[in-house]
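Protein chains get the first letters and strands the later ones, always in sequence-line order, with residue 1 at the start of each.
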Amino acid sequence: NAGVTQTPKFRILKIGQSMTLQCTQDMNHNYMYWYRQDPGMGLKLIYYSVGAGITDKGEVPNGYNVSRSTTEDFPLRLELAAPSQTSVYFCASRVAGGAADTQYFGPGTRLTVL
Amino acid sequence: KQEVTQIPAALSVPEGENLVLNCSFTDSAIYNLQWFRQDPGKGLTSLLLIQSSQREQTSGRLNASLDKSSGRSTLYIAASQPGDSATYLCAVTWMDSSYKLIFGSGTRLLVRP
């Protein structure tokens, strides 16, 4: 059981380039999330999904896109990268409801846009 | 606006001390509140989850309390150890948006040997 895996671990992009951050979970969780964490700050929700084929915007969706074609995978797409997107990106999956309600986080992708 | 605040931003204590981390939130209509630990360069690990109907949860040396009426939660760490050094984040799920967590900015804890 690998949990939540993210690739790549690190990436440097030039302004205007595009890339996809990969996220995979093997726990059969319906809920999946993408967050960004800026230095010294908490996590801000970019996009989330409540199941395959269903996605919705979080607090800071501008400049990003997502898709959820399978339960396992939830990739995050950056189009036309900007310096403001320099951050650490975390993917999470969730067991929703009741006493076991918790999110499981991946190790993160550190992205720098120059 | 639904917000989560954590004070102080950083805390340094000698080993063995008992300590309290604070979390405050606007809007008492919460679904649950969670405390997470984040080690440098790592993802988050869930420590404790308190349901809206509960007042506290305990796990080992950790005890988290919840007071909805005052909009506060505390994380109590007993007999602190250097291995407890990490950033501790509080996150709230509200009833009207139970799909998402709103995070505080965290308290960075250093336990000195």
Q: Hey, could you give me the CG/OH distance between B:Leu101 and A:Tyr33, rounded to the nearest 0.5 Å?
A: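 The distance works out to 7.0 Å.
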Q: Can you measure from OH (A:Tyr104) to OG1 (B:Thr45) and round to the nearest 0.5 angstrom?
A: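 The OH atom of A:Tyr104 sits 10.5 Å away from the OG1 atom of B:Thr45.
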(Q) Checking A:Gln37 against B:Gln38: is there a side-chain donor and acceptor pair closer than 3.5 Å? (A)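 The criterion, which ignores hydrogens and geometry beyond distance, is satisfied for A:Gln37 and B:Gln38.
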Q) Which heavy atom of B:Gly41 sits nearest a heavy atom of A:Arg110, and at what distance? A)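 Nearest pair, atom of B:Gly41 first, then A:Arg110: CA-NH2, 4.3 Å.
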Q.
Could you report the tightest heavy-atom contact between A:Gly42 and B:Leu89, atom names first, then the distance?
A.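 Shortest heavy-atom contact: CA-CD2, 4.0 Å.
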Q: Return each pair, listed once, that meets ring pair (Phe, Tyr, Trp, His ring centres under 6.0 Å) where at least one residue sits in residues 8-42 of chain B; pairs must be two or more places apart or across chains.
A: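 Non-adjacent pairs meeting ring pair (Phe, Tyr, Trp, His ring centres under 6.0 Å): A:Phe105-B:Phe36, B:Phe36-B:Phe103.
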Q.
Are B:Leu33 and B:Tyr88 connected into the same hydrophobic cluster when the rule is that any two of I, L, V, M, F, W, Y join if their side-chain heavy atoms are below 4.5 Å apart?
A.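 Yes: a chain of side-chain contacts under 4.5 Å links B:Tyr88 to B:Leu33.
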Q. According to a 4.5 Å side-chain heavy-atom criterion applied to Ile, Leu, Val, Met, Phe, Trp and Tyr, with indirect links allowed, do A:Tyr64 and A:Tyr35 form part of one hydrophobic cluster?
A.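 No, separate clusters.
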Q | Non-neighbouring partners of A:Val60 that pass side-chain contact (heavy atoms from CB on, under 4.5 Å), sequence neighbours left out | A |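 Testing A:Val60 for side-chain contact (heavy atoms from CB on, under 4.5 Å), a comparison that skips the adjacent residues, returns A:Arg36, A:Lys44, A:Ile46.
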Q. Under a 4.5 Å heavy-atom cut-off, does chain B meet the side chain of A:Leu43, its backbone, both or neither?
A.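 The answer is both parts of A:Leu43.
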Q. Other than A:Ile12, what residues sit in its cluster of Ile, Leu, Val, Met, Phe, Trp and Tyr side chains whose heavy atoms are under 4.5 Å apart, directly or through others?
A.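 Besides A:Ile12, the hydrophobic cluster comprises A:Leu114, listed by chain and residue number.
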**Q.** Top contributor to chain B contacts, counting heavy-atom pairs under 4.5 Å, from A:Arg94, A:Glu59, A:Lys9, A:Gln6
**A.**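 Heavy-atom pair counts peak at A:Arg94.
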(Q) Please classify the contact of B:Lys100 with chain A as side chain, backbone, both or neither, using a heavy-atom distance under 4.5 Å. (A)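 B:Lys100 touches chain A through backbone and side-chain heavy atoms alike.
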Q: Heavy-atom distances under 4.5 Å only: say whether B:Leu44 touches chain A with side chain, backbone, both or neither.
A: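 It is both, since atoms from each part get that close.
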Q.
With a strict 4.5 Å heavy-atom criterion, list every residue of residues 57-77 of chain B that contacts chain A, or say none.
A.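 Residues of residues 57-77 of chain B touching chain A at under 4.5 Å: none.
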Q) Should the heavy atoms of other residues, nucleotides or ligands under 6.0 Å from CZ of B:Arg112 be counted, would the total exceed 12? A)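 Yes, because the 6.0 Å sphere around CZ of B:Arg112 holds more than 12 heavy atoms from other groups.
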